[in-house]
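Right, one structure below, let's go through it.
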Amino acid sequence: MPDALPTNPKIAVIIPCYQEEKTIGKVVTDFRRVLPEAEIYVYDNNSTDNTARLAEQAGAIVRKEKRQGKGWVVASMFDQVDADILVMVDGDDTYDANSVSALLKPILTGEADLTAATRLVQHEDKSFRNFHVLGNKLVCALINQIFGSEISDIFSGYRAFTREAAARIPITSRGFDVETEMTLQGLYRRFVIKEIPAPYGSRPEGSFSKLRTFSDGFKVLLKLFLVLKSYKPLTFFGLSSIVFLVLGLAAGARPVYEYSTERYVHAVPSAILAASLVTLAFLSLGLGLILNSTNLRLLELEKLLCKRLAQRDNVDRAP
């Protein structure tokens, strides 16, 4: 269950930005209006336009991230911004600032560790590129099947986190696959994740998306594959074991038939292939069981370490 928040939690809005001079001023102004008590941080990722200057003029705290890529920016924001609740939003003015109260409510009431705005319920006709909605649904269907979850929008850039959740999510992505990684890491750590429907608009005239459909889509699938292998090893290697076993049985059908009828095997190469594939099937299953047990132990150690750190923080904050 989510950890208890202070009576008046400190909220920070964190905005990763690259070349968003057309929209960043409005985004900062909108969030200052709906969350006047929150600090707003804009992390400029080597923009060559006036993004940083306009964000500062609008009242944001501007910081630089010299390593190019949204994943680097998100990692720095999680490491550097000190707040009880972090609200992350893109700087392209496609997300509705007025929806932030709905995004924060499950966290403030202790019902969630992480919330995400799902964009597929209410969006404009030109909000998504071709294949983006289909790709989103296919990836979500695969993730839901693996983790037993009910995620509907894996790529949302409008999210809220408790400080503990943000601290426990290790960011290894470097690009736009970071949203996928945040969700997968949260599911692996069994965070309570709630999705909140929120309006999603199209970019204003003169603003352009940095997302590349095929290359970034490939990175998302690669990240999904790597996370599945690393964090769900029994599922990954168990499926591999089944594939090897089926192929082994298929390859061994003829040698078995020959031996049962003639007491002699003519298809020796098929017999060797079948034996090798069945051996690989059992090795893969054994490897999955070992890695799964190791993962569970590491997860237990992580929880114990986080508990000790939380207790130490509480002692340090005590008057």
Side-chain angles (χ1 to χ4, degrees), residues 70-71 74 88 90 94-95 99 102-103 106 111-161 165 169-200 202 209 211-246 284-285 288 291-292 295 299:
K70 188 174 182 179
V74 174
M88 188 180 80
D90 291 338
T94 53
Y95 294 100
S99 300
L103 207 63
E111 298 175 8
D113 300 292
L114 188 162
T115 58
T118 176
R119 306 163 296 170
L120 305 182
V121 176
Q122 185 179 350
H123 59 83
E124 297 181 9
D125 294 336
K126 296 182 179 180
S127 297
F128 297 100
R129 294 184 186 180
N130 296 331
F131 305 114
H132 281 200
V133 174
L134 176 60
N136 196 341
K137 290 182 178 179
L138 289 175
V139 173
C140 287
L142 181 58
I143 290 172
N144 292 336
Q145 185 67 30
I146 294 170
F147 288 94
S149 56
E150 297 181 354
I151 302 298
S152 64
D153 187 4
I154 192 74
F155 302 129
S156 175
Y158 193 11
R159 299 168 182 257
F161 309 80
I169 294 178
I171 302 297
T172 61
S173 300
R174 299 297 171 250
F176 286 97
D177 50 335
V178 66
E179 283 92 357
T180 304
E181 181 177 36
M182 286 188 290
T183 300
L184 292 174
Q185 296 281 10
L187 290 172
Y188 166 69
R189 286 168 171 77
R190 299 173 187 173
F191 289 162
V192 180
I193 301 175
K194 290 187 179 294
E195 290 189 316
I196 309 297
Y200 185 65
S202 57
S209 174
L211 184 64
R212 294 165 293 181
T213 301
F214 294 104
S215 61
D216 287 320
F218 174 77
K219 291 178 182 177
V220 168
L221 293 177
L222 179 61
K223 175 60 65 176
L224 181 60
F225 171 81
L226 293 175
V227 168
L228 175 61
K229 176 178 68 67
S230 301
Y231 295 107
K232 299 286 283 187
L234 187 56
T235 301
F236 179 84
F237 289 102
L239 291 174
S240 300
S241 176
I242 293 173
V243 171
F244 285 134
L245 183 61
V246 171
S284 182
L285 179 60
L291 291 177
N292 185 67
N295 260 6
L299 196 57

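Computed from a prediction, not measured in an experiment: that's the story for all the values here. In what follows, every heavy atom counts, from backbone to side chain, and hydrogens, waters and symmetry copies are set aside.
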- The ring-ring contact (aromatic ring centres under 6.0 Å, His included) partners of Y95 (sequence neighbours excluded) come to Y158, Y200

- For P233 and N295, the nearest pair of non-hydrogen atoms, with its separation, is CD-ND2, 3.4 Å

- What residue among R159, K137, R119 forms salt bridge (Lys or Arg N to Asp or Glu O under 4.0 Å) with D153? R119

- side chain to side chain donor-acceptor pair (under 3.5 Å) partners of D90, counting only residues at least two apart: K70

- If a pair satisfies salt bridge (Lys or Arg N to Asp or Glu O under 4.0 Å) and one of its residues is in residues 188-200, list it, with sequence neighbours excluded. R189-E302

- Might you point out which heavy atoms bring C140 and I154 nearest each other, and give the distance in Å? SG-N, 3.4 Å

- Enter the distance from T183:OG1 to I193:CD1 here, rounded to the nearest 0.5 Å. 6.0 Å

- Are any of the side-chain heavy atoms of E179 and S156 separated by less than 4.5 Å? no

- Message: My understanding is that only residues two or more places apart in sequence, or in another chain, count here; which of them pass ring-ring contact (aromatic ring centres under 6.0 Å, His included) with F191?
- Response: none

- Note on the structure: For M182 and L114 the tightest heavy-atom approach is O-CD1, 4.5 Å

- Who are the side chain to side chain donor-acceptor pair (under 3.5 Å) partners of S230, not counting sequence neighbours? none

- Separation between CZ of F147 and CG of L142, rounded to the nearest 0.5 Å: 9.5 Å

- Message: To the closest 0.5 Å, what do you measure between CD (E181) and CD1 (I169)?
- Response: 9.0 Å

Which pairs would a plain distance check flag for residues 236-246, meaning a side-chain donor or acceptor within less than 3.5 Å of a matching protein atom at least two apart in sequence or in another chain?
from: S240; atom 1: OG; to: F236; atom 2: O; distance (Å): 3.1
from: S241; atom 1: OG; to: A281; atom 2: O; distance (Å): 2.7

- Item | Residue pairs, two or more places apart or on separate chains, that pass side-chain hydrogen bond (donor to acceptor under 3.5 Å, both in side chains) and touch residues 142-151 | N144-S149

- Would a 4.5 Å heavy-atom cut-off, applied to side chains only, mark L291 and K229 as touching? no

- Item | Set of side chain to side chain donor-acceptor pair (under 3.5 Å) partners for T115, sequence neighbours left out | none

